[in-house]
J.: 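So that we are looking at the same thing, I have put the structure below in structure tokens.
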Amino acid sequence: MKIGGSHHPGPSKTTKESSRVLLLHGNLDIVFKEAKNLSEKEKSSKKISVKKKSSEKQMDWLFGKFSGPDVTISVAGAEIGITSADSWNPIWDQQFKVNVAHYAAEVLFDVKSSQITGAVRIPVGHLCSGRKVEGSYPILSASGKPCKPGFVLTLSIQYTSVDKVSFNQPRFGDLATYFPQSKGQVTLYQDAHVRDYRLPNFELDNRLDYEQSNCWADIFDAIRQAQHLIYIAGWSFYPKVKLLRGNNAEESMLGDLLIKKASEGVTVRLLLWSDPTSANFWRVNYGGIMQTYGEETRRFFEGSLVRVLLVGRTEAIYSHHQKTLIVDTDAGAGKRKITSFLGGLDFFLGRYDTPEHPLFGTLNTAHADDFHNPNFKKPGEGCPREPWHDLHCRIDGPAAYDVHTNFVERWLKASEHLELEQKLKLEQLELEQLELEKLKSPNFGERWSKASEKLKLQKLKLLSNFVERLLKALENRKLQKLKSSYDGALLNIDEFVLMKDDPCLSGDNPEAWNVQIFRSIDSNSAKGFPENSREATNKNLVRWKNVSIDMSIHTAYVMAIRAAQNFIYIESQYFIGSSYNWDSCKNLGANNLIPMEIALKIVNKIKANERFSAYIVIPMWPEGDPKGTIVQSILFWQNKTMQMMYQMIYEALREARLEKQYEPKDYLNFFCLGNCEAIEGETSEGSDKTQTLARKRRRFMIYVHSKGMIVDDEYVILGSANINERSMNGTRDTEIAMGAYQPSYTLAEKDLEPLHGQVHGYRMSLWAEHIGTIKESFNQPESVECVKLVRELSEQNWRQFLAATKMKGHLMSYPLKVDRTGKVMHLPGCKTFPDLGGNIMGSYPVGNTMRTCIRGSVFGRPLVYAENFTF
């Protein structure tokens, strides 16, 4: 099941009022009360569904529950909600609280059942006053006439514009999501290893200095010192990855370390995505398209006390994308506490990197057994590694326990799925056993009555031996599977750790954080989500048809952008969204609000004659062959997102009569990262032209795998979720993120003066890594001076990258031109990416290619999964 797709009903009768397009920017509060007479066959509210057996209920996650009539809510063609019912005259009493940022003429309620297809349309003009609109509305056909007398939908709808939404004080207070905000401590990481490299120190307020921390070294220490549990959730995993480099590298091999800890009595559990193209038959491994090493990991830990669950999503083209580590750590006074790590870093090949992001210099040292560059079809000797930039964090306090809860909910649900699969397999085995028993019956030989006696005896003897061996094997398999149990495989943490003993909760520490955990996940992947819409609403979940969904990462991004006052800084592996407002391809279904919210934030600031800046860092191209269909499709949709945003900014400048004073890039800029190392000696020619060019020119992009946003140097969101529909939707990839700020370093506390807390230090450290220098104007990133300086330095770096000369910094202006009218176009003489080729603006997917990119398959054959394709 997918939510948030595009929904365009058939034609209907319209009026001048209903066709007037207005901006809905804020919140819609919709309550469905009931529908009447939706079926001629069913005149009562009698339930359609019969009482189900427990085994039938267990099949719901595979096939979904039967539902009666449903109502789909859409605005500007984008679906924002859907009900379900098991009655032909449903009484829902179901509430939807939805963020909107849409130019629309109406809110559409499309009613579908086996007996009726019609719609109720509420003009946006009726909502703009903010008054509640409610009543019983006739369901109209495509012609605009009532489908039938008595066919009505009873609902209420109320709109609150964003300028009337009251923000908590501080502005980034507790959001109404599944996990509450709580006090704690946060450590922010850039890249896997930093401390040994010379990034500048930054003086913070309260006479403190910002200190960069060393992510994988901290993780190594936490795992090594764990006494009770080590839980890892990942998209990919490589058991032979080394958390440390240099003299301690061998002892830090992760797989061996986990086996050692398990042998000491620590409960070690791995919950990994199962790539559906990966399989293991008769000890022959088929690694899968994404090469996530799931099967290799399972085999590596066979015979050890480490338990591994490989789990797929309900729709094969989506993945489990969370990246978390949960361990018990020292809480002082002989007590233990839960500490969690989360972010963008998987324990996998190529993830270890430093702010220098070397290409060739560490191939025989730090990266000797850690080469990763999937952008070449067959990476050969002398190819550059793909440098890897990422964001990660450590959390102590109640929020760390929320990360633990997420793992438990996922583990139990995965176990439930596996147990159901085992039951289905056992039933099949029993059927096979019955069939084989029949083969042993005395009458079996009659089937060969026309065959020679000798041949008959030979076949029966062979068959009898085969049957005996197979029956024995089947019986052994049944016993093994019946003995399997996953529910008891996790520790009860209450037995060794108490929340009240966590030192983060004591005292009034001015450097303490407020932290909240957010997710993209649904009831198909997390155990314990309510099946009732009212109960789901009480837990701040969204109920779409028969699935309960946590979409809080998307909510967190939207609310943080709306609360922003001065600037936004984003690093994201993908940046695609708000397709309902593109100039074409509106039906794509990439309906997350984030690009639209950023554009509207800038538009509103221009109208108020106030400064605002948005800095967005993305990869030069998505990982893979930049000439390939999938990458080209992503680049095309990314370009459509950029074009939409720049066009809105230009129109705002024009309406404010500021288009001659400012240009769109004075407010919004996109960047990428790259590196070029000095040429050493001759470069050999190779059979692959792109590899030869990369070796000769010794340059390559730094892959931006980060997933995070900083707002006003006050608030930070980071985790596993990209800015695209896969990550934000809730029913596609499973994701986790955290949002955090220090209450002592808010604009309210500092009386609107510049903030110099940990979040400020984190951004400045990232800019020092990317730009290679620090300037005074960087303390005011919203200023025109800062925007122009960063742009100038990034354009200089791009020119050095093109010239294959040593670069002063890594930050490069994204290689597209944006003119003063907001039009996005190719840079002169630069239509393709250096060395590897591929249209920088992407190319429009057509025919089966388009179907491949959206659905993930052509003629039933899966092509590319997870991080490398779709929106």
J.: Taking the side chain as C-beta and beyond, is there a heavy-atom pair between F778 and I771 under 4.5 Å?
T.: yes
J.: Would you say the side chain of M812 lies within less than 4.5 Å of the side chain of M807, judging by non-hydrogen atoms?
T.: yes
J.: For the residue pair Y231 and H404, is the inter-centroid distance of their aromatic rings smaller than 6.0 Å?
T.: yes
J.: Search all heavy atoms of I326 against all heavy atoms of F407 and return the closest pair with its distance.
T.: CD1-CB, 3.8 Å
J.: Could you check whether atom CG of D209 has more than 12 heavy atoms from other residues, nucleotides or ligands sitting under 6.0 Å from it?
T.: yes
J.: Can you name the closest pair of heavy atoms from P626 and L836 and give their distance?
T.: CG-CB, 3.7 Å
J.: Rounded to the nearest 0.5 Å, what separation is found between the CE atom of M620 and the CG atom of L673?
T.: 8.5 Å
J.: Less than 6.0 angstrom separating the ring centers of H810 and H389, yes or no?
T.: no
J.: Distance check, rounded to the nearest 0.5 Å: Q322 atom CD versus L271 atom CG?
T.: 8.0 Å
J.: How long is the straight-line distance from CD of E250 back to CG of L257, given to the nearest 0.5 Å?
T.: 13.0 Å
J.: Please list, chain by chain and in numerical order, all residues satisfying side-chain contact (heavy atoms from CB on, under 4.5 Å) with T365, sequence neighbours excluded.
T.: T362
J.: Step by step, would you call F671 with H770 a side chain to side chain contact (heavy atoms under 4.5 Å, CB included)?
T.: CA-CA 10 Å; F671 305 92; H770 298 333; over 6 Å; no
J.: About how many Å separate NZ of K261 and CG of L229, when rounded to the nearest 0.5 Å?
T.: 11.5 Å
J.: Using modelled atom types only, decide if a donor and an acceptor are shared between the side chain of N206 and the backbone of L208 within a distance under 3.5 Å.
T.: no
J.: For N492, is the CG atom crowded, meaning more than 12 foreign heavy atoms sit under 6.0 Å from it?
T.: yes
J.: Might you confirm whether atom CD of E251 has over 12 heavy atoms from other residues, nucleotides or ligands at distances under 6.0 Å?
T.: yes
J.: Mind checking side-chain contact (heavy atoms from CB on, under 4.5 Å) for L305 and listing every partner two or more places apart, or none if nothing turns up?
T.: A262
J.: Out of curiosity, S525 OG to E409 CD, how far, rounded to the nearest 0.5 Å?
T.: 11.0 Å
J.: Test your reading of the model: is there a side-chain donor-acceptor pair from D396 to the backbone of Q185, 3.5 Å cut-off?
T.: no
J.: Using a 6.0 Å cut-off, check whether atom CG of D369 has over 12 heavy atoms from anything other than its own residue.
T.: no
J.: Does the structure place the NZ or CZ of R519 under 6.0 Å from the centre of the six-membered ring of F179, at an angle of no more than 45° from the ring's axis?
T.: no
J.: Find the distance between OG (S720) and CG (L391) and round it off to the nearest 0.5 Å.
T.: 12.0 Å
J.: Any Lys/Arg nitrogen of E302 or R298 sitting under 4.0 Å from an Asp/Glu carboxylate oxygen of the other?
T.: yes
J.: Taking Y762 as the fixed residue, which of V186, D713, L718 is the one that meets the side chain to side chain contact (heavy atoms under 4.5 Å, CB included) rule?
T.: L718
